[in-house]
Amino acid sequence: MGSIVTVTGEVPSTDIGAVLMHEHIMCDLYRISGFPDHQLNDVDLAVSELGHLDKTPVRTVVDVTSVGLGRDLQTLRQIAMATGLNIVAGCGWYRDPYLPQDVFDKTSDELADILVSEINGGSGDGWIRPGIIGEIGAYTDPMSPAEERVLRAGAFAQVETGVALYTHAARSAVGIEQASILLGMGVPPERIVIGHSDTFPRKEYWSELLGMGVTLGFDTVRPHFPYDVEVRIAGLMWLAERGSLDRVVVSNDVCIRSHLRAYNGGGYPYCATDFFDSLRRVGFGDQEFRTIFHENPARLLAVL
């Protein structure tokens, strides 16, 4: 049957429902950007926003807020208990310029030891176990030395624990470099997600990643700009035509206030409701929904 690791313990894979694989519930981009919109720090608001998922098939949310983005495992557990949702926490470090001093002071081996300890034994006063490594980021192509050190630490930890690894690779082909390093270090391709692949919509880029056996993250699906929505629909249609829907996960990447429904954004339900309704109009159906939102996430999050 299998299970996944959430902030409240292991949950059978049969009980996870539809899954959003790349979201943020508590997140602080503000400390670098300086924009007040770039901070999610209101627990009551988070509970309210996640409550909109009650009328959807989504029962599991993966919070890939890594260290440097304001990760707060205790608060995630509190929110999970308040909402009844399965919340999976991430671990690791984000990207420049959000990396803490520890990343510069420690070797990849030392950083990996931290990840392995968290994954196996839990972190913080509540000994809360992360269920995924990530998001592990790169600002652009090529990665900085510190970003590569973090990625290599994630690879060491993945090989040791078996937990899937999710990257941040926005608006460039840096995902190729990330995947090459991870595969070269022995990470199985089926345990790798190259995040934000939808932000670099080049079929040759997607084809190369698929040829490496990794999963694509179409995970910045939001309603703000109609053209961006059309690009993602076209990309998923292309994946379906080539028989590659088993190598994609779809999510919103809610990470700032203006993404929330309270601030006129699409909120957490958007990609699994309105966006997928658009996919239904071009031929997607219940099986495609199950593949994208349940089967692929269940495979990636499975405890090995």
Side-chain angles (χ1 to χ4, degrees), residues 21-42 46 61-76 87-108 110-115 118-119 123-124 128 130-158 163 165-175 177-178 181-182 192-200 217 219-220 222 251-260:
M21 278 292 295
H22 188 120
E23 303 296 340
H24 301 274
I25 298 171
M26 294 283 108
C27 185
D28 184 9
L29 296 164
Y30 167 77
R31 70 181 185 85
I32 298 295
S33 75
F35 294 113
D37 183 41
H38 290 183
Q39 192 171 49
L40 298 177
N41 61 352
D42 186 323
V61 178
V62 181
D63 184 302
V64 289
T65 305
S66 44
V67 176
L69 284 177
R71 188 183 69 153
D72 185 340
L73 299 181
Q74 293 284 3
T75 299
L76 283 185
I87 296 178
V88 177
C91 62
W93 297 267
Y94 184 43
R95 65 161 177 84
D96 276 329
Y98 293 87
L99 298 174
Q101 189 59 42
D102 264 4
V103 167
F104 300 91
D105 294 341
K106 297 182 185 297
T107 66
S108 286
E110 291 170 330
L111 294 171
D113 287 343
I114 294 171
L115 298 181
E118 286 192 4
I119 292 165
S123 176
I128 297 167
I132 196 165
I133 299 168
E135 59 182 302
I136 304 293
Y139 181 67
T140 188
D141 187 14
M143 288 183 289
S144 72
E147 289 169 344
E148 183 173 341
R149 184 180 305 119
V150 166
L151 185 70
R152 290 183 178 276
F156 287 136
Q158 194 292 317
V163 172
L165 191 152
Y166 205 120
T167 77
H168 167 103
R171 295 178 293 279
S172 78
V174 70
E177 184 182 5
Q178 290 176 332
I181 289 171
L182 294 171
I192 300 169
V193 186
I194 300 301
H196 309 319
S197 296
D198 54 333
T199 67
F200 194 67
D219 48 23
T220 59
R222 308 180 191 121
S251 209
N252 307 283
D253 190 20
V254 169
C255 57
I256 59 177
R257 291 181 188 176
S258 55
H259 293 159
L260 302 174

Exercise for review: Show the numbers, then the answer: is there a side chain to side chain contact (heavy atoms under 4.5 Å, CB included) between I119 and I133?
Suggested key: CA-CA 9 Å; I119 292 165; I133 299 168; 3.8 Å; yes

Nearest atoms (heavy-atom pairs only) where [X] meets [Y]:
X    : Y    : result
A153 : S108 : CB-O, 3.5 Å
Q178 : G137 : NE2-C, 4.2 Å
A170 : H196 : CA-CB, 3.9 Å
I128 : L73  : CD1-O, 3.3 Å
A169 : T199 : O-OG1, 4.2 Å
G195 : Y166 : CA-CE2, 3.5 Å

Review point. Counting only heavy atoms not in R171, do more than 12 sit closer than 6.0 Å to its CZ atom?
Key: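 It does not: R171 CZ has 12 such atoms or fewer within range.
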
Do [X] side-chain atoms and [Y] backbone N/O form a donor-acceptor pair below 3.5 Å?
X    : Y    : answer
R95  : M143 : no
E23  : N252 : yes
D219 : D253 : no
R149 : V103 : yes

Check your understanding: Going through the checks in order, is the side chain to side chain contact (heavy atoms under 4.5 Å, CB included) test met by L260 and V254?
Key -> CA-CA 7 Å; L260 302 174; V254 169; 3.6 Å; yes

Are [X] and [Y] side-chain neighbours, meaning at least one heavy-atom pair lies under 4.5 Å?
X    : Y    : value
I132 : M21  : yes
Y139 : S144 : no
Y98  : L29  : yes
L69  : E135 : yes
V64  : H24  : yes
L151 : L182 : yes
W93  : I114 : yes

What distance do [X] atom [atom1] and [Y] atom [atom2] have between them, rounded to the nearest 0.5 Å?
X    : Y    : atom1 : atom2 : result
E118 : S123 : CD    : OG    : 4.0 Å
I194 : F200 : CD1   : CZ    : 13.5 Å
R222 : C255 : CZ    : SG    : 5.0 Å
E177 : T167 : CD    : OG1   : 11.0 Å

Point to revise | Electrostatic pair D63:R71 at N-O distance under 4.0 angstrom | key: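 Looking at D63 and R71, the cut-off is not met.
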
Check your understanding: With no hydrogens and no angle check, do the side chains of H168 and E147 hold a donor and an acceptor under 3.5 Å apart?
Key ->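 Judged by distance alone, the side chains do not pair up.
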
Exercise for review: Please lay out, stage by stage, how V163 and L115 fare under the test side chain to side chain contact (heavy atoms under 4.5 Å, CB included).
Suggested key: CA-CA 10 Å; V163 172; L115 298 181; over 6 Å; no

